[in-house]
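These notes are about the structure you will find just below.
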Protein chains: 2
Amino acid sequence: MTRAERSDAARNRAAVLAAADELFATVPEPARLSMDDVAAAAGVGKGTLFRAFGNRAGLLQALWQRRYEPLRYAIESGPPPLGPETDPRQRIAAILDAILVVKLDNRHLTLAVEERSGGTSLYEQPQYQLVHQLLCDLVRATGGGGDSELLAHLLLAAVRADLLNHLASRRGISRRRLRADLASAVDLVLGSAEASPPSD
Amino acid sequence: MTRAERSDAARNRAAVLAAADELFATVPEPARLSMDDVAAAAGVGKGTLFRAFGNRAGLLQALWQRRYEPLRYAIESGPPPLGPETDPRQRIAAILDAILVVKLDNRHLTLAVEERSGGTSLYEQPQYQLVHQLLCDLVRATGGGGDSELLAHLLLAAVRADLLNHLASRRGISRRRLRADLASAVDLVLGSAEASPPSD
DNA sequence: TTGCGATCCGGACTGACAGCCCGGTTGGCA
DNA sequence: TGCCAACCGGGCTGTCAGTCCGGATCGCAA
């Protein structure tokens with residue numbers, strides 16, 4: 001019997017999302033961004049924030065979901081190369097490339113989302129498990145050797161937020177280079193065919 | 001002009017290391033192990049603990065170093081298959097397998113060590129950078145395609161503490177299976193030759 | 001053995017932060 | 001317009017890393 005959200009609640013929820021989005025895009029160190037900061041920036045009390053999102057992880061999930069949603073949709077039911085009607089090997093490459101791009105575009109946010117917090121590791125997040133499951137199936141469909149579960153984890157390890165952040169921010173490696181290197185690494189892991197450079 | 005450590009300081013340092021070792025081996029959730037806990041278990045004041053190790057990361061580093069030291073030595077100047085006189089491809093496999101084993105044997109400790117804390121990511125730790133550099137060189141020596149830097153990161157991602165913990169503790173995958181899967185994954189990444197099962 | 005200063009000890013203290021609580025307010029249906 | 005459930009806000013609590021400083025201790029020198 002979940003009643004509809006009251007209008008003020010909806011307004012505040014939106015305000016928090018907007019403010020948090022802005023903040024995470026701005027601040028240099030997402031881990032140092034406190035819930036008080038977010039509440040203050042949204043012009044809302046802390047109680048309101050926690051009522052709306054449960055806890056820090058809940059807020060981060062909500063933020064991330066908004067960013068990730070289009071990609072998720074494209075993967076689940078869009079046209080090639082992301083959609084289901086693609087050759088598994090190319091689909092894997094396309095998916096990882098797309099994830100790479102989204103994460104680079106939302107570096108701080110993803111960093112915060114993947115931060116281990118409260119005993120919940122990245123690998124327990126439903127988001128992760130969904131993609132992992134899909135990659136498992138796809139890897140198996142390519143018929144290469146090796147355990148598909150571990151391989152899927154390895155592929156996803158290539159786009160972990162902290163690694164990307166290190167390579168991009170710390171080491172200053174360009175997005176173009178990252179995408180190319182990722183593509184060739186994926187080809188290697190999947191038992192190299194020819195490498196196809198990204199188009200977008 | 002670093003003066004020698006006073007005897008009581010050395011004694012306390014040892015007591016802290018022993019107690020912390022014991023605790024990290026015992027507790028279920030290393031992140032919940034506070035410095036107060038460690039100090040109390042060691043029968044020492046918190047000030048003493050921080051004087052000796054600087055901060056939490058310092059203590060964890062010291063603990064990890066003791067565990068990792070033998071392996072580091074074996075890699076740097078031991079006999080094959082870990083030592084320098086080994087064929088690069090086999091050496092990579094041997095090193096990763098050894099790291100896997102050490103980390104599994106010290107699961108909670110490694111989990112705590114690799115925990116991102118205070119803006120210092122895994123990739124900035126000198127420990128990591130050392131192994132990464134070595135793997136880079138070895139990967140390059142195998143002459144396969146792909147960017148050696150990224151490949152070395154990927155290889156090390158296969159033995160990240162949180163992944164291992166998830167596979168071993170959460171999913172209940174056996175050590176034997178993990179070692180075998182890791183070995184075949186490494187072979188894949190390095191442009192598969194034949195897989196050789198671990199001996200130890 | 002005794003004196004003495006540098007070093008070290010310890011636990012109270014601070015600051016930061018996630019999450020809870022509850023008296024007061026407000027939205028929206030009757 | 002009245003009523004009450006839902007919601008607001010910010011003060012409060014508990015936890016934890018790291019600091020501080022008065023007092024204890026070590027170990028050298030005489």
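Reckoned from all heavy atoms, side chains included, excluding hydrogens, waters and symmetry mates. Protein chains get the first letters and strands the later ones, always in sequence-line order, with residue 1 at the start of each.
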- Message: In this structure, how many angstroms lie between the C1' atom of dC20(D) and the CG atom of Leu49(B), rounded?
- Response: 16 Å
Listing time: all N or O pairs from protein to nucleotides 22-25 of chain C that are below 3.5 Å?
none

- Write down the distance between CZ (Phe50(B)) and P (dG11(C)), rounded to a whole number of angstrom. 15 Å
- Hey, which of these two, Arg11(B) or Gly47(B), hits DNA chain D nearer its 5' end, going by closest nucleotide? Gly47(B)
- Counting only heavy atoms not in Arg175(A), do more than 12 fall under 6.0 Å of its CZ? yes
- Message: In whole Å, I'd like the distance from the CZ atom of Phe53(A) to the P atom of dC20(C).
- Response: 16 Å
- Message: At less than 4.0 Å, is any side-chain N or O atom of Asn12(B) found next to OP1 or OP2 of dC9(C)? Yes or no.
- Response: yes
- Task: Evaluate the side-chain contact (heavy atoms from CB on, under 4.5 Å) criterion for residues Leu96(B) and Leu156(B): first the C-alpha distance (whole Å), next the side-chain angles of each, then the deciding distance (0.1 Å), finally the verdict.
- Result: CA-CA 8 Å; Leu96(B) 287 174; Leu156(B) 286 175; 4.1 Å; yes
- Message: Pairing donors with acceptors under 3.5 angstrom, does anything connect the side chains of Arg107(B) and Asn165(B)?
- Response: no
- Asp187(A) and Ser184(A): side chain donor to acceptor below 3.5 Å: no
- Looking at Ala31(B) and Glu115(B), what are the two nearest heavy atoms and their distance? CB-OE2, 3.7 Å
- Query: Does anything in residues 121-139 of chain A pair up under salt bridge (Lys or Arg N to Asp or Glu O under 4.0 Å), and if so which pairs, sequence neighbours excluded?
  - Reply: Glu124(A)-Arg170(B), Asp137(A)-Arg140(A)
- Task: Determine, step by step, whether Met35(A) and Leu49(A) satisfy the side-chain contact (heavy atoms from CB on, under 4.5 Å) criterion, reporting the C-alpha distance in whole Å, the side-chain angles of both residues, the deciding distance to 0.1 Å, and the verdict.
- Result: CA-CA 8 Å; Met35(A) 297 300 268; Leu49(A) 197 165; 3.2 Å; yes
- Query: What integer distance in Å separates Arg13(B):CZ from dC8(C):C1'?
  - Reply: 14 Å
- Task: Please determine, for the side chain of Glu5(A), which listed nucleotide (dG19(C), dC7(D), dC9(C)) has the closest atom?
- Result: dC7(D)
- Task: Assess whether atom CD of Glu76(A) is packed by more than 12 heavy atoms of other residues, nucleotides or ligands within 6.0 Å.
- Result: yes
- Using atom NZ of Lys46(A) as one end and atom P of dA18(C) as the other, report the distance to the nearest whole Å. 7 Å
- Mark yes when over 12 heavy atoms from residues, nucleotides or ligands other than Arg66(A) sit less than 6.0 Å from its CZ; otherwise mark no. yes
- Query: Which residues satisfy the side chain to side chain contact (heavy atoms under 4.5 Å, CB included) test with Ala52(B), sequence neighbours excluded?
  - Reply: Arg13(B)
- Message: Please confirm whether the shortest side-chain N or O distance from Ser7(A) to OP1 or OP2 of dG27(C) is below 4.0 Å.
- Response: no
- Query: So which of residues 20-45 of chain B are in contact with DNA chain C, with a heavy-atom cut-off of under 4.0 Å?
  - Reply: Val44(B), Gly45(B)
- Kindly state each residue pair satisfying ring-ring contact (aromatic ring centres under 6.0 Å, His included) with at least one member in residues 7-66 of chain B, sequence neighbours excluded. Trp64(B)-Tyr68(B)
- When the distance from CD of Glu115(B) to C1' of dC16(D) is rounded to whole Å, what number comes out? 14 Å
N/O to N/O distances under 3.5 Å, protein versus nucleotides 13-15 of chain D:
none

